[in-house]
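Presented below is the structure to which this report refers.
What you see is a predicted model, and the numbers here were worked out from it, not measured in a lab.
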Amino acid sequence: MSRTEQLGLEPGEETKSPGRWLALSVLVLAVLLVAVDATVLGLATPSLSEDLKPSGTQLLWIGDIYSFVIAGLLVSMGSLGDRIGRKKLLLVGAAAFGAVSVLNAYATSPEMMIAARALLGVAGATLMPSTLALIRNIFHDPKERSLAIGIWGATASAGAAVGPVVGGALLQHFWWGSVFLINLPVMAALVLVGVKMLPESKNPVSGPWDLVSVALSLVGVIGVVYAVKEVAAHGATWGVGAAAVIGAGCLYAFVRRQYSLPSPLLDMRLFKHRGFSGAVLADLLTVFGLSGLVFFLSQFLQLVQGRDPLEAGLAELPAAIGAVATGLVAGKYARKYSVRSLVTGGLAAIGLALAALTVIHKESGYPLLGAALLVVGLGAGFSFTVTSDVILSSVPKEQAGSASAVSETAYELGAALGIALLGSIVTGVYQGFNAPASVTGPVADAAHESLGGAVEAARSLDPQTAGQMVGAAQDAFVDGLRLASGVGAAVLLATAAAAWFLLKGQKLQGGVEH
């Protein structure tokens, strides 16, 4: 029986593919790499800052443009995979991802680095929705599919936390560009194995790919997220207001256009389902908390507490351990207890862990940090895995690419907002620190751009003045981190309460309803 014919069968009617778990391992490899690349740069930030000398704003763009572009293109790429074939899109994207990684590794200026990270986001956008959509078409048994999504979700969550470990190990021995060159052998293996092991699947009745919708979604997402980032960091300006209006207008036009197209990029009627919308919201805010915490604790551990990159990366490992542990059993427990109890509990756990960090200070011991990271990982594993399963199970297999793109858009937008919004709070508080009166001009300007800039600028000062300036900068950074943690905690706890109502009655196939 052909794969196209199989797409017409109901779950349980197909013969299980004997190579389905090996195929899953290939898909997981792609997810791991994209997730790692979202956070691996966190530990490299100090050495990258020393080499490229970006401004504070450029540093934030280097950190989040990758996620912005992915978020803006995921829906478009998910729809493209439905049309031309998810396997084809995945393999082409993997090859491009490897090639653009070289450009990232050898960037020679902040502007070149931002452009290279944006191109990496374009390639990354082809990978994520294809992996989840292929899982929907490879695993037809609901319980097997939940386990497969659990492995996928655990890998995605853990990848964000493993990034600092990988980065730390590389930065112990190599320059910052090495964190990108590791992509080459992994992507080569993915392409070589994927050509033989992955089945092709697509929507046999899809219409043309609407380029106007592609442009509207990309401009809309980037415009709105840019405005949020700039308002949080520098306050409202006419330029920021224009970006917000243009972005919101494009997103409104995108939604209206989807309703008018016979074959839309994204079926907006899915959002009329309360459970689907609740799962998407929970998806986004789960990653919002996880990515924001991991990104800024990387800098705290290195630049405030003086740990080397590998030690800092290993210190963040509890988040990965927690995500894997709960991600693998999330589907089982969601059937036993209910979807909303696991998602609400996961969101609340992340919120409480962030709340605990509002008491952090420069000399905070590792038990507090490690416990917070572990709880965040446990919560993310439950919440993200269950919501991904809900989103993917809500649509026919033919629309798997579009549905998985919604889940992945929430993931990447959450990562971008976590770094942008929480990061902008940290930056806004940090930039107000008082440097010693004798520190003026370019040195003072560099010190106020970022904590990494302050550490670097201090090298040109006498030891006493340098110590005073770095101490003041570290205190300001910690103050910003505490405030950002408080804001993140409030957002996550409010979302947990909302999820309890939005996900009422939602269940996985073969599960219980509460």
TODO: Begin from the C-alpha positions of Leu251 and Val224 and carry the test side-chain contact (heavy atoms from CB on, under 4.5 Å) through to its verdict.
DONE: CA-CA 9 Å; Leu251 290 179; Val224 169; 3.9 Å; yes
What closest approach, in Å, do [X] and [Y] show between heavy atoms, and which atom pair accounts for it?
{"X": "Phe180", "Y": "Arg117", "answer": "CE2-NH1, 3.5 Å"}
{"X": "Ser485", "Y": "Leu357", "answer": "OG-CB, 3.6 Å"}
{"X": "Gly370", "Y": "Pro318", "answer": "O-CB, 3.7 Å"}
{"X": "Ala496", "Y": "Leu347", "answer": "CB-CB, 3.8 Å"}
{"X": "Val329", "Y": "Ala325", "answer": "CG2-O, 3.6 Å"}
{"X": "Ala282", "Y": "Val343", "answer": "CB-CG1, 3.6 Å"}

Backbone N/O of [Y] and side chain of [X]: donor-acceptor pair under 3.5 Å:
{"X": "Arg340", "Y": "Trp500", "result": "yes"}
{"X": "Tyr366", "Y": "Ala315", "result": "yes"}
{"X": "Thr495", "Y": "Val491", "result": "yes"}
{"X": "Ser217", "Y": "Val214", "result": "yes"}
{"X": "Ser341", "Y": "Ser338", "result": "yes"}

Any side-chain heavy atom of [X] sitting closer than 4.5 Å to one from [Y]?
{"X": "Trp21", "Y": "Glu144", "value": "yes"}
{"X": "Val375", "Y": "Ile350", "value": "no"}
{"X": "Leu73", "Y": "Val122", "value": "yes"}
{"X": "Ser213", "Y": "Leu261", "value": "yes"}
{"X": "Thr126", "Y": "Leu90", "value": "no"}
{"X": "Leu184", "Y": "Leu181", "value": "yes"}

In short, side chain to side chain donor-acceptor pair (under 3.5 Å) pairs touching residues 90-101 with sequence neighbours left out are Ser101-Asn183
Can you tell me if Phe501 has over 12 outside heavy atoms packed within less than 6.0 Å of its CZ?
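No, CZ of Phe501 has 12 or fewer neighbouring heavy atoms, counting only those of other groups under 6.0 Å.
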Measuring from [X]:[atom1] to [Y]:[atom2], what's the distance to the nearest 0.5 Å?
{"X": "Leu190", "Y": "Leu91", "atom1": "CG", "atom2": "CG", "value": "7.0 Å"}
{"X": "Leu147", "Y": "Lys332", "atom1": "CG", "atom2": "NZ", "value": "11.0 Å"}
{"X": "Thr387", "Y": "Leu281", "atom1": "OG1", "atom2": "CG", "value": "10.0 Å"}
{"X": "Leu354", "Y": "Leu481", "atom1": "CG", "atom2": "CG", "value": "9.5 Å"}
{"X": "Lys88", "Y": "Leu80", "atom1": "NZ", "atom2": "CG", "value": "9.5 Å"}

Could you go through the side-chain contact (heavy atoms from CB on, under 4.5 Å) check for Phe300 and Leu369 one step at a time? CA-CA 11 Å; Phe300 174 82; Leu369 302 176; 3.9 Å; yes
- request: Begin with the C-alpha distance, continue with both residues' side-chain angles, and end with the deciding distance and a verdict on side-chain contact (heavy atoms from CB on, under 4.5 Å) for Leu378 and Leu374.
  value: CA-CA 6 Å; Leu378 292 170; Leu374 178 61; 4.2 Å; yes
*Evaluate side-chain contact (heavy atoms from CB on, under 4.5 Å) for Leu503 paired with Thr344, printing each intermediate quantity in order.*
CA-CA 9 Å; Leu503 296 176; Thr344 299; 5.6 Å; no
